[in-house]
Amino acid sequence: MPGVGLIAHPDFSRHDTGFGHPERPERLLAIRSRLAETGLRDRFLDISPRILEVEWLEKVHTSTYISDVKRRCEQNIRLMDAGDTFICPASFEVARLAAGAACEAVEAVMDDRADAVFCATRPPGHHAERDRAMGFCLFNNVAVAARYIQEAHRLERILIVDWDVHHGNGTQHIFEEDPTVFYFSVHQYPHYPWFSGGSGETGIGAGRGTNLNAPLPVGAGDEQFLRAFDELLAPEMGRFQPEFVIVSAGFDAHVDDPLSGTRVTAAGFAEMTRRVHQLARMYANGRLISVLEGGYDLNGLALCVEYHLSALLDAG
């Protein structure tokens, strides 16, 4: 019987963001330690990532931007031009490994090696625009995975669920004119990135109706986040009928996270996981992957990942 897959690799720690940066290698070490302490680590299928071919990155990013990331890393330029995304010489290769992990997770689900897969990867991706790094993100891992599903496996309708505390501006903008990718984001608002995430942003042109934002105020917790799933997302899925579900799994909406003002608990993330898994079962033959985005309190992040993965195990 397939089970839940886990992608984790020591090379993700090679992405060096500098002293004191919240998006740091210790995030993955905290997750690994928590899973070992709880005994959960042995319950997952190990899936290896791969360094993704540039042509797959070009499905969602411009070749000029990809080349710029490569050049800056090779020249040891420590900052991308948006001013909030730090890099090092290894970052281009590690970011390709993170995008490749998402695609390998897709492969594991599609060939029935796993029912679902969690990618414990960095750098994160959902702020990365088509031609710009932002918010600690270089390549948009979930967007690349969505295009990979469509072109490598010929599935048409992809649902991306984003519960990071920050709105995934990059994911929204990449797909806002595309009716085949439904993007749902529940997030604190107003908050970084400041210029996107309002409820009136529903898509553009042919993509109108396949972008759904649930902006929530400071202090929102489990009840408000889950209500967004039940009252906003679930009714839309009967119409959209997704064939694959991808989660932008940021855990910085947690009550202890230093970059958020929301109050979601680990139990709340477990409930969101169950909601998403139910949608995957109803419409997508259970096909689901989740990809790590934010989460910057080490204890809170590790606990939330534990609850997220436990919910996937229980659902299987």
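Hydrogens, waters and symmetry mates are skipped; everything else that's a heavy atom, side chains included, is used. Counting from 1, the numbers follow the sequence of the chain as shown.
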*Please test Phe118 against Val4 for side-chain contact (heavy atoms from CB on, under 4.5 Å), starting from the C-alpha separation and ending with a verdict.*
CA-CA 8 Å; Phe118 174 67; Val4 176; 5.6 Å; no
Contact summary for [X] and [Y], nearest pair of heavy atoms:
{"X": "Asn141", "Y": "Pro124", "value": "ND2-C, 3.9 Å"}
{"X": "Gln188", "Y": "Gly261", "value": "OE1-N, 2.7 Å"}
{"X": "Cys73", "Y": "Ser91", "value": "SG-CB, 3.8 Å"}
{"X": "Asn140", "Y": "Gly170", "value": "ND2-C, 3.6 Å"}
{"X": "Cys304", "Y": "His254", "value": "SG-CD2, 3.4 Å"}
{"X": "Leu226", "Y": "Gly268", "value": "CD2-O, 4.3 Å"}

Is [X] salt-bridged to [Y], cutoff N-O under 4.0 Å?
{"X": "Glu271", "Y": "Arg274", "value": "yes"}
{"X": "Asp115", "Y": "Arg281", "value": "no"}
{"X": "Arg227", "Y": "Asp230", "value": "no"}

Shared hydrophobic cluster for [X] and [Y] (ILVMFWY, side-chain gaps under 4.5 Å):
{"X": "Val291", "Y": "Leu279", "result": "no"}
{"X": "Phe184", "Y": "Ile289", "result": "no"}
{"X": "Ile160", "Y": "Phe139", "result": "yes"}
{"X": "Leu45", "Y": "Leu313", "result": "no"}
{"X": "Trp56", "Y": "Phe92", "result": "yes"}

What I want to check is whether the side chains of [X] and [Y] have a donor and an acceptor closer together than 3.5 Å.
{"X": "Arg275", "Y": "Gln278", "answer": "no"}
{"X": "Gln172", "Y": "Ser185", "answer": "no"}
{"X": "His167", "Y": "Asn213", "answer": "yes"}
{"X": "His126", "Y": "Thr171", "answer": "no"}
{"X": "Ser248", "Y": "Asp164", "answer": "no"}
{"X": "His308", "Y": "Ser290", "answer": "yes"}

Pairwise side-chain contact, [X] with [Y], heavy-atom cut-off 4.5 Å (strictly under):
{"X": "His173", "Y": "Arg130", "result": "no"}
{"X": "Cys103", "Y": "Leu52", "result": "yes"}
{"X": "Val69", "Y": "Ile87", "result": "no"}
{"X": "Leu232", "Y": "Val186", "result": "no"}
{"X": "Arg78", "Y": "Asp16", "result": "yes"}
{"X": "Leu233", "Y": "Val161", "result": "yes"}
{"X": "Trp163", "Y": "Val264", "result": "no"}
{"X": "Leu301", "Y": "Leu292", "result": "yes"}

*asked:* What verdict does the side-chain contact (heavy atoms from CB on, under 4.5 Å) test give for His166 and Glu293, after you've listed the backbone C-alpha separation in whole Å, the side-chain angles of each residue and the deciding distance to 0.1 Å?
replied: CA-CA 10 Å; His166 307 99; Glu293 301 282 3; over 6 Å; no
*asked:* Consider salt bridge (charged side-chain N to carboxylate O under 4.0 Å, His left out). Of Arg14, Arg50, Lys70, which one does Glu93 pass it with?
replied: Arg14
*For side chain to side chain donor-acceptor pair (under 3.5 Å), just list the numbers for Glu107 and Tyr148, CA-CA rounded to whole Å, side-chain angles, deciding distance to a tenth of an Å, and then say yes or no.*
CA-CA 10 Å; Glu107 287 296 325; Tyr148 185 84; 2.6 Å; yes
*List, by chain and then residue number, the residues other than Leu303 in its hydrophobic cluster (Ile/Leu/Val/Met/Phe/Trp/Tyr, side-chain heavy atoms under 4.5 Å); write none if there are no others.*
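Its cluster partners, ordered by chain and number, are Tyr307.
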With distance as the sole test, does [X] use its side chain to make a donor-acceptor pair with the main-chain N or O of [Y] at under 3.5 Å?
{"X": "Thr17", "Y": "Glu23", "answer": "yes"}
{"X": "Asp111", "Y": "Arg113", "answer": "yes"}
{"X": "Asp222", "Y": "Thr265", "answer": "yes"}
{"X": "Arg132", "Y": "Ala82", "answer": "no"}
{"X": "Glu177", "Y": "Gly207", "answer": "no"}
{"X": "Glu37", "Y": "Arg34", "answer": "no"}

*How about Tyr192 and His127: are their ring centroids closer than 6.0 Å?*
yes
*Taking the six-membered ring for Trp, are Phe182 and Phe240 ring centroids under 6.0 Å apart?*
yes
Rounded to the nearest 0.5 Å, what's the gap from [atom1] on [X] to [atom2] on [Y]? Could you check?
{"X": "Arg122", "Y": "Phe12", "atom1": "CZ", "atom2": "CZ", "result": "10.0 Å"}
{"X": "Ile204", "Y": "Glu176", "atom1": "CD1", "atom2": "CD", "result": "3.5 Å"}
{"X": "Asp256", "Y": "Leu298", "atom1": "CG", "atom2": "CG", "result": "11.5 Å"}
{"X": "Gln150", "Y": "Leu155", "atom1": "CD", "atom2": "CG", "result": "8.5 Å"}
{"X": "His61", "Y": "Asp68", "atom1": "NE2", "atom2": "CG", "result": "13.0 Å"}
{"X": "Glu58", "Y": "Glu55", "atom1": "CD", "atom2": "CD", "result": "7.0 Å"}

*Take Phe269 and Phe225 through the test ring pair (Phe, Tyr, Trp, His ring centres under 6.0 Å) and record every step on the way to the result.*
CA-CA 9 Å; Phe269 282 113; Phe225 274 71; 7.3 Å; no
*In this structure, which one of Ile47, Asp46, Leu40 forms a side-chain contact (heavy atoms from CB on, under 4.5 Å) with Phe44?*
Leu40
*With Tyr183, the side chain to side chain donor-acceptor pair (under 3.5 Å) member among Asp162, Thr210, Asn211*: Asp162
*asked:* Please verify the inter-ring angle class for Phe136 with Tyr296; under 30° counts as parallel, over 60° as perpendicular, anything in between as tilted.
replied: perpendicular
_Angle between ring planes, Trp194 versus His191, binned at 30° and 60°: parallel, tilted or perpendicular?_
perpendicular
*asked:* Looking at Arg263, I'd like to know if its CZ atom is crowded, meaning that more than 12 non-hydrogen atoms belonging to other residues, nucleotides or ligands lie closer than 6.0 Å.
replied: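 No, not enclosed.
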*Is Arg32 atom CZ crowded by more than 12 heavy atoms from other residues, nucleotides or ligands, each under 6.0 Å away?*
no
_I'd like to know whether Arg147 forms a side-chain contact (heavy atoms from CB on, under 4.5 Å) with Val181, so could you lay out the CA-CA distance, the side-chain angles of the two residues, the decisive distance to 0.1 Å, and finally the verdict._
CA-CA 9 Å; Arg147 284 289 184 245; Val181 178; 4.0 Å; yes
*Show your working on side-chain contact (heavy atoms from CB on, under 4.5 Å) between Asn169 and Glu129 and close with a plain yes or no.*
CA-CA 7 Å; Asn169 55 286; Glu129 298 274 0; 2.8 Å; yes
